[in-house]
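Take a look at the structure set out below.
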Amino acid sequence: MSKGRTPMTSNSCYPLDALREEVSAQLRAAGIKEEDLRIEYPPPGIDAALAFPCFRLSQKEKKAPALIAQEIAEKIKIGVLGLLPVAQGPYVNFSINPEPYDRLTLACIDEKGAHYGGEEKNEKTIIIEYSSPNIAKPMSVGHLRTTIIGQVLKQLFRFLGYRAIGINHLGDWGTQFGKLIVAFRKWGDEERLQEAPINELLRIYVLFHQEAEKDPSLEEEGRKAFNDLEKGDAGAQKLWERFRNLTLDEIDRIYQAMGVDFEHVTGESFYEDKMQKVIDAIQAKGLSEESEGAQIVPLKEHGIKQPLLLKKRDGSSLYATRDLAAAVYRVETFHPAKILYVVGSEQKLHFQQFFKVLELLGYDPGLFVHVDFGLVNLPEGKMSTREGRVIFLESLIDEATTRAKQRLVEREFQGTPEELDQLARMVGISAIKYRDIYQPRNRSITFDWDEMLSTEGNSSVYIQYALVRMKGILRKGEVEAFIDPEAAKILVSPQEIALIRELSRFPEKVRLAAKEYEPFHVADSVYEICQAFSRFYKENPVLIASEPQRSARLTLVSATARVLENGMDILGIAKPEKM
RNA sequence: GCGCCAGUAGCUCAGUGGAUAGAGUGCUUGCCUCCGGAGCAAGAUGUCACAGGUUCAAAUCCUGUCUGGCGCGCCA
């Protein structure tokens, strides 16, 4: 840090925070009360970094807002990071004093390094449940969003100092396993199961449903088989275990390719022996009742019309029961500050119900968050594994890798075939991931190959390419991440200033992403940084510049690469050295 | 029928009650003697679904209508 010239009340050196504090202090000194202190960001056309609107005061004091702005501006003295504010209409606009602000930014990046944008370690635990594929089914692009968003959130919260625990809540329990057991006993092929387990399981599963249309008694048989399984029948148990292990081996390969990992892989079956306790607690509180032979928890009095189904007529469990057991187990085992459920928005009602029941059981409702997201549809309509209208994750990864490779060959990539393969995977898989985090989670997506694997504009490739150019410059400039804050006085071109400004915004965007559970804010900042860099790169030569520009620009490239890598690490975007 | 989500540029989408509503893509046009052009620059394109209301101020809040997606008892 450069000599503590900057007023800082927190231990954070983030420049935008410091500027905000400075501006707040100035406004307070000018007589603005705390409750009127609202600082906002002016729109892009306005040449200012922060603005204070005077409408509210105008109401209180019955004076024209422009007049108030004028008076406030006159009372304020020049700051350290900011210039003398100016009244523009009803606003008091605060502009940045580039040199000290940029010096602080560079110093902060230098000081924090790989932690720039992050926060100090805290003691809080956050649990993130994500991915959660079904055993015996291939992963389709439908599982992509939860897997990627969940993994990114985990990395994001770690970056912000949390202890983040990822849980893969496998769909390894439920009626479909009864069906699968019946199907395998009738039509299963041992050899095929060995060779391509998921394929074979999918085949007999689809077959089961076809046959069940002709012979509805199969459904009953399936339910009975699950009931056996739940009661601990040895034969059923053994088959189930095989299906589970074989599927997991296959799925693990995809996780590995995508850089996804979990602290715990505990499927629904894990909670099989933990459900009774919750059911007892619910009954003890008198929350449940019998209805049409099933056990339900009515929620009408609590604003939810549909009751939660606790137990089926035949006494076997439902997913809500297992989710309740899982929640209780996790709270007691990990004492988390939050549990995030990264699950599609079509399950919103389910989460409302089961969160409400937890609340009625005495748990803090603020503990549980459904991080929902929109569906992935195909142009032909809703995906359906049974009806064969589906794109498997494996084919998506293959296609992405193939396309990346093709492009690399076109561009005459220099390297061994192994390097080419590896790079193609880095580029291809990152492209897939980025598509799920560059926009908010909320919307449903219609799957489109070209859009999914885009390499232009706001895409992972654009970001990787920007990093590669930075690395290229640093390599040739023989600079090892050297950042000299004093470069701030030389970095005065519009592109240089704009780039540093963008770097200074990164921490705030990271924080916002965590607050809203929205990875896209990080992606957005990363993209803006790359765009600012590309503009800088175009107009400001680095290596061929003469001193002191050359060194100053090397510092800037170094700092930019640092921040960019922090962002890419959060997002799980691969960081190639060359491409 | 009820509930939730969405409707902003041709397409995919940002946008904290405040200033001239922004990106990407697509389209038109420039830019490789220069650190990698998967790039940069410029241009055109808007009834913010519609109708009311609240407010000094509404794409943003409220009500209603229309359109689309999802959900609503023994699947997850």
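The sequence lines fix the lettering, A, B, ..., with proteins before strands; numbering per chain opens at 1.
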*What integer number of Å spans the P atoms of B:G53 and B:A59?*
15 Å
_Just by distance, no angles: are the side chains of A:Glu399 and A:Trp449 close enough, under 3.5 Å, to form a donor-acceptor pair?_
no
*Counting heavy atoms from C-beta on, name the nucleotide in B:A38, B:C56, B:C35 closest to the side chain of A:Arg407.*
B:A38
*Would you indicate which nucleotide in B:C40, B:C35, B:C34 comes nearest to any side-chain atom of A:Ile544?*
B:C34
*Could you give the distance separating B:U8 and B:A51 at their P atoms, to the nearest angstrom?*
15 Å
*Please determine, for B:C66, whether a Watson-Crick or G-U wobble partner exists with both distances under 3.5 Å, and give it or none.*
B:G7
*When you compare B:G68 with B:C35, how far apart are their C1' atoms, in angstrom units rounded to a whole number?*
50 Å
*Looking at A:Arg469, does any N or O in its side chain come under 4.0 Å of the phosphate oxygens OP1/OP2 on B:G37?*
yes
*Could you verify whether a donor N or O on one side chain and an acceptor N or O on the other, from A:Lys311 and A:Ser288, lie under 3.5 Å apart?*
no
*Between B:C74, B:C70, B:C40, which nucleotide has the shortest distance from any of its atoms to the side chain of A:Glu292?*
B:C74
*asked:* As a test of reading the structure: which of B:C74, B:C75, B:G39 is closest to the side chain of A:Glu456, going by heavy atoms?
replied: B:G39
*asked:* Taking B:A9 as the reference, what is the distance to B:G24 when you measure between their P atoms (whole Å, please)?
replied: 16 Å
*How far, in whole Å, is B:A23 from B:G46 if one measures between their C1' atoms?*
15 Å
*Any chance the rings of A:Tyr341 and A:Phe354 have centres within less than 6.0 Å?*
yes
*Taking the side chain of A:Pro440 as its heavy atoms from C-beta onward, which of B:A14, B:G39, B:A76 lies nearest to it?*
B:A14
*asked:* Distance criterion of 3.5 Å, no angle test: do you see the side chain of A:Asn93 paired donor-to-acceptor with the base of B:A19?
replied: yes
_Euclidean distance for C1', B:C74 against B:C11 (whole angstrom)_ = 43 Å
_Between A:Ser534 and A:Arg469, a side-chain donor and acceptor under 3.5 Å_ = yes
_So if I take every side-chain heavy atom of A:Ile296 and compare against B:U12, B:G73, B:A38, which nucleotide ends up nearest?_
B:G73
*Could you give the distance separating B:A57 and B:U16 at their C1' atoms, to the nearest angstrom?*
15 Å
_Candidate nucleotides B:C72, B:G73, B:A38, ranked by approach to the side chain of A:Leu349 - the nearest_ = B:C72
